[in-house]
Amino acid sequence: MQLEFKVMGGDFANAGYASSEIKKVLKQINIDPKIIKKVVVALYEAEVNICAHAYAGKVSVEITPEKISVEVSDKGPGIPDIELAMQEGFSTASPAVREMGFGAGMGLPNIKKNTDFLDIQSTVGKGTTLKFINYLT
Amino acid sequence: MDFLSKKLYIFVSILGNCFRTDHMTHKEISKLLNGRIIIGEGSESTNYQYAFASDLMSDVLTVDSENLILITGLANLQAVRTAEMSDISCIIIVRGKKASEEMIQLAAESKITLIECNYTMFRTCGLLYQAGIKPLY
Ligand SMILES: Nc1ncnc2c1ncn2[C@@H]1O[C@H](COP(=O)(O)OP(=O)(O)O)[C@@H](O)[C@H]1O
Ligand SMILES: [Mg+2]
């Protein structure tokens with residue numbers, strides 16, 4: 001099964017929409033609630049990152065009997081130093097993002113923690129692509 | 001302490017413990033906090049045992065527990081989205097902040113109870129702790 005959603009940068013009211021829809025689908029097909037939570041928490045932080053740091057993006061999720069694979073890609077400024085961005089507490093978020101309850105530099109580390117595999121590719125001035133996998137078995 | 005006052009002390013302690021429980025319903029919580037249940041009729045039977053207080057949603061997204069109450073001063077859609085992703089079914093909004101229409105609607109869709117309360121976060125936590133609600137760590 002393949003699902004796709006668009007995510008707009010700066011659109012905080014809709015941040016989490018894709019995660020919410022995907023959560024409904026995963027529940028419907030009886031995925032283990034513990035795994036659902038991991039996937040949607042990781043996806044939600046990734047969606048918030050598009051809103052907070054990029055201009056526009058898209059989410060695609062592929063579900064097979066073995067795994068849930070998620071790809072979150074955006075057009076945006078990109079991440080100059082991924083290793084630094086992965087450090088807990090590192091953040092370039094604006095005060096507006098902090099007011100939303102995010103921007104403490106915990107998003108990427110928490111995505112890592114909740115997934116079995118994480119790959120981040122980024123080109124400065126172009127955009128960022130996150131791929132992550134949660135295994136079902 | 002003489003014999004009689006010792007007896008009285010033990011009696012009062014036992015009586016005090018009778019008012020401590022290890023779980024509370026959202027109605028009991030609201031009453032204790034002099035709060036208002038904005039939405040949540042229908043979840044009468046849920047017993048809450050644990051609470052977590054934060055205005056930082058990234059923090060909330062790192063915790064893992066069932067029957068958890070979220071205590072927050074962040075009255076925006078992200079608080080409800082965060083609860084949805086984290087399987088948290090009760091949010092107490094402190095410091096007299098009001099839940100917006102969008103928050104109420106999203107909470108209804110996700111079967112999340114919203115309680116408004118005029119107390120500070122500290123007072124809210126203190127009262128719930130005193131009543132027997134436990135911290136996560
Ligand atoms: N999609 C993205 N586009 C550009 N920069 C990003 C993106 N995601 C993360 N970053 C950078 O990595 C930093 C750390 O991200 P994260 O751990 O989610 O923390 P936060 O979003 O709270 O700042 C961000 O502050 C930002 O500089
Ligand atoms: Mg982030």
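Each chain gets a letter, A, B and so on, in the order its sequence line appears, and its residues count up from 1.
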* **residues 93-101 of chain B: residues contacting chain A (heavy atom under 4.5 Å, by number)** =>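 Counting heavy atoms that sit under 4.5 Å from chain A, no residue of residues 93-101 of chain B is involved.
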* Which residues from residues 49-62 of chain B are near chain A, with near meaning under 4.5 Å between non-hydrogen atoms? ->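 Only B:D55, B:L56, B:M57, B:S58, B:D59, B:L61, B:T62 of residues 49-62 of chain B have a heavy atom under 4.5 Å from chain A.
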* Please tell me if the side chains of A:V40 and B:E84 come closer than 4.5 Å, counting only heavy atoms from C-beta onward. =>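 In short, these two side chains do not touch, never coming nearer than 4.5 Å.
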If Ile, Leu, Val, Met, Phe, Trp and Tyr residues are connected whenever their side-chain heavy atoms lie under 4.5 Å apart, and connections chain through other members, are [X] and [Y] in the same group?
X: B:I104; Y: B:I112; answer: yes
X: A:I35; Y: A:V70; answer: yes
X: A:V41; Y: A:V25; answer: yes
X: A:M1; Y: A:L43; answer: yes
X: A:Y55; Y: A:I50; answer: no

* Quick one: which residues of residues 12-22 of chain A reach chain B at under 4.5 angstrom, heavy atoms only? -> A:F12, A:A13, A:A15, A:G16, A:Y17, A:S19, A:S20
* Asked: With only heavy atoms counted, which part of B:T72 is less than 4.5 Å from chain A, the side chain, the backbone, both or neither?
  -> neither
* Structure fact -> Sorted by chain and number, sequence neighbours left out, ring-ring contact (aromatic ring centres under 6.0 Å, His included) with A:F102 holds for A:Y44
* Asked: Would the number of heavy atoms belonging to other residues, nucleotides or ligands and lying under 6.0 Å from CD of B:Q105 be above 12?
  ->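 Count not over threshold, so no.
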* Has A:K75 got more than 12 heavy atoms of other residues, nucleotides or ligands less than 6.0 Å from its NZ? ->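 Atom NZ in A:K75 is not packed in, count stays at 12 or less.
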* To do: Kindly compute the distance separating NZ (A:K34) from CD (B:E66), expressed to the nearest 0.5 Å.
  => 6.5 Å
* Structure fact -> One should read off an interatomic distance between B:R81 CZ and A:M100 CE, to the nearest 0.5 angstrom, of 13.0 Å
* Of all of B:L106, B:L77, B:D87, which one pairs up most often with chain A through heavy atoms under 4.5 Å apart? -> B:D87
* Taking every heavy-atom pair that is under 4.5 Å apart, which of A:P33, A:G101, A:A104 has the most such pairs with chain B? -> A:G101
* Can you see which heavy atom on B:M85 is nearest to which on A:K37, and at what distance? =>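 Residues B:M85 and A:K37, closest heavy atoms: O-CG, 3.6 Å.
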